[in-house]
Undergrad: 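Just dropping this structure here.
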Amino acid sequence: MTLTIDHTPTADGRVSSPPVRLSLTPVDVGPGLLDGAWWPYSRDLARELPALVDVLDRRWGRITRIAVNPAFWPVIPRKVPVAGHVVHVGWFAPEQDPHKLLLLSYTTGRWDLLVIPPESGEAAAARLMAAAIEPRGRLTASSLMADEEALSAAENERGREAEWESEGGPAPSDPANPAGLASPVQGM
């Protein structure tokens with residue numbers, strides 16, 4: 001299930017933050033390595049986490065701790081205020097997958113979310129969100145990201161080849177002239 005959750009307008013009519021881009025595994029699906037995917041707008045955890053936690057608090061119960069790998073987060077706040085409580089944020093470099101966010105609740109458990117890089121395009125993010133919620137998924141967050149990077153590289157290469165050919169790239173293959181060299185002018 002892919003969710004894009006809009007926050008309700010504040011008293012003065014402004015929206016408190018942009019919609020949360022989130023995809024979560026259905027409740028009735030057996031456990032996999034990931035419980036969903038989150039596509040933040042930036043690498044600013046202090047700005048991004050309150051909206052995510054607000055949504056997940058209502059869905060999974062109060063989130064009390066979050067763990068990240070610092071590889072992709074330039075600043076990791078120790079605490080993040082969320083509606084009605086504070087969430088403690090920690091980091092683990094070698095122990096935690098750099099593409100994963102770990103969320104903990106004292107009362108209801110643990111969840112692991114794939115973190116889709118904010119600079120990802122919509123098509124890549126949609127593929128990653130779908131892959132992260134595969135029933136009984138057995139791919140790690142880094143494996144999903146590596147697969148997406150390989151797919152994106154192949155798509156970019158095909159796009160460059162198509163552009164090159166549309167701009168007068170290689171001549172059609174001729175068995176008599178495999179190099180595509182121009183034939184000499186006849187009759188001179």
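Just so it is clear, the structure is predicted and the values come from calculations on it, not from any experiment. Along the sequence shown, the residues carry numbers beginning at 1.
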Undergrad: Please check: side-chain N/O of R21 versus main-chain N/O of P40, any donor-acceptor pairing under 3.5 Å?
TA: yes
Undergrad: Do you reckon L139 sits in the same ILVMFWY cluster as M145, going by side-chain contacts under 4.5 Å, direct or chained?
TA: yes
Undergrad: Identify, with sequence neighbours excluded, every residue that meets ring-ring contact (aromatic ring centres under 6.0 Å, His included) alongside F72.
TA: H99
Undergrad: With hydrophobic residues grouped by side-chain heavy-atom distances under 4.5 Å, do I66 and L102 end up in a single group?
TA: no
Undergrad: Please tell me whether V80 and W91 are part of a single hydrophobic cluster in this structure, the criterion being side-chain heavy atoms less than 4.5 Å apart.
TA: yes
Undergrad: Would you say the side chain of E149 lies within less than 4.5 Å of the side chain of L151, judging by non-hydrogen atoms?
TA: no
Undergrad: Please confirm whether R62 makes a cation-pi placement over Y106, using NZ or CZ under 6.0 Å from the six-membered ring centre and within 45° of the ring normal.
TA: no
Undergrad: Just do the salt bridge (Lys or Arg N to Asp or Glu O under 4.0 Å) check on R59 and D57 with the steps written out, would you?
TA: CA-CA 5 Å; R59 192 169 168 83; D57 275 356; over 6 Å; no
Undergrad: What residues form a ring-ring contact (aromatic ring centres under 6.0 Å, His included) with W60, not counting sequence neighbours?
TA: W111
Undergrad: Between A71 and P98, what is the shortest heavy-atom contact and its length?
TA: CB-CB, 3.9 Å
Undergrad: Is the shortest side-chain heavy-atom distance between Y41 and P18 below 4.5 Å?
TA: yes
Undergrad: Rounded at 0.5 Å granularity, tell me how far CG in L103 sits from CG in L113.
TA: 5.0 Å
Undergrad: Using a 3.5 Å distance criterion without hydrogens, assess whether the side chain of S23 forms a donor-acceptor pair with backbone atoms of I133.
TA: no
Undergrad: Once you round to the nearest 0.5 Å, how far does CZ of R127 lie from CD of E148?
TA: 4.0 Å
Undergrad: What about I76 and I63, same hydrophobic cluster or not, with Ile/Leu/Val/Met/Phe/Trp/Tyr joined at side-chain heavy-atom distances under 4.5 Å?
TA: yes
Undergrad: Do L104 and W73 sit in one hydrophobic cluster, given that two such residues count as connected whenever their side-chain heavy atoms are within less than 4.5 Å of each other, even indirectly?
TA: no
Undergrad: Please lay out, stage by stage, how L49 and V87 fare under the test side-chain contact (heavy atoms from CB on, under 4.5 Å).
TA: CA-CA 9 Å; L49 287 177; V87 175; over 6 Å; no
Undergrad: Would you confirm whether E48, through its side chain, and R43, through its main-chain N or O, come within 3.5 Å as a donor-acceptor pair?
TA: no
Undergrad: Look only at the side chain of D35 and the backbone of D112, and say whether a donor-acceptor pair between them is shorter than 3.5 Å.
TA: yes
Undergrad: If we count only N and O atoms by modelled type, under 3.5 Å, do the side chains of S142 and T140 hold a donor and an acceptor together?
TA: no
Undergrad: To check you understand the geometry: which heavy-atom pair defines the closest contact between A37 and A132, and what is its length?
TA: CB-CB, 3.7 Å
Undergrad: Is there a donor-acceptor pair under 3.5 Å between the side chain of S120 and the backbone N or O of P117?
TA: yes
Undergrad: Could you tell me which non-hydrogen atom of P77 sits nearest to which non-hydrogen atom of L45, and how far apart they are?
TA: CD-CB, 3.8 Å
Undergrad: Could you state the interatomic distance from CG (D54) to CG (L52), rounded to the nearest 0.5 Å?
TA: 9.5 Å
Undergrad: For V86 and T64, run side-chain contact (heavy atoms from CB on, under 4.5 Å): C-alpha distance rounded to whole Å, both residues' side-chain angles, the deciding distance at 0.1 Å, then the answer.
TA: CA-CA 7 Å; V86 173; T64 55; over 6 Å; no
Undergrad: I'd like to know whether CD of E122 has more than 12 heavy-atom contacts from other residues, nucleotides or ligands below 6.0 angstrom.
TA: no
Undergrad: Should we count CZ of R138 as having more than 12 external heavy atoms under 6.0 Å?
TA: yes
Undergrad: Does N69 use its side chain to pair, donor to acceptor, with the backbone of D97 at less than 3.5 Å?
TA: no
Undergrad: What's the shortest heavy-atom distance between A131 and L144, and which atoms?
TA: CB-CD2, 3.6 Å
Undergrad: Would you compute the distance between atom CH2 of W38 and atom CG of L114 and round it to the nearest 0.5 angstrom?
TA: 11.0 Å
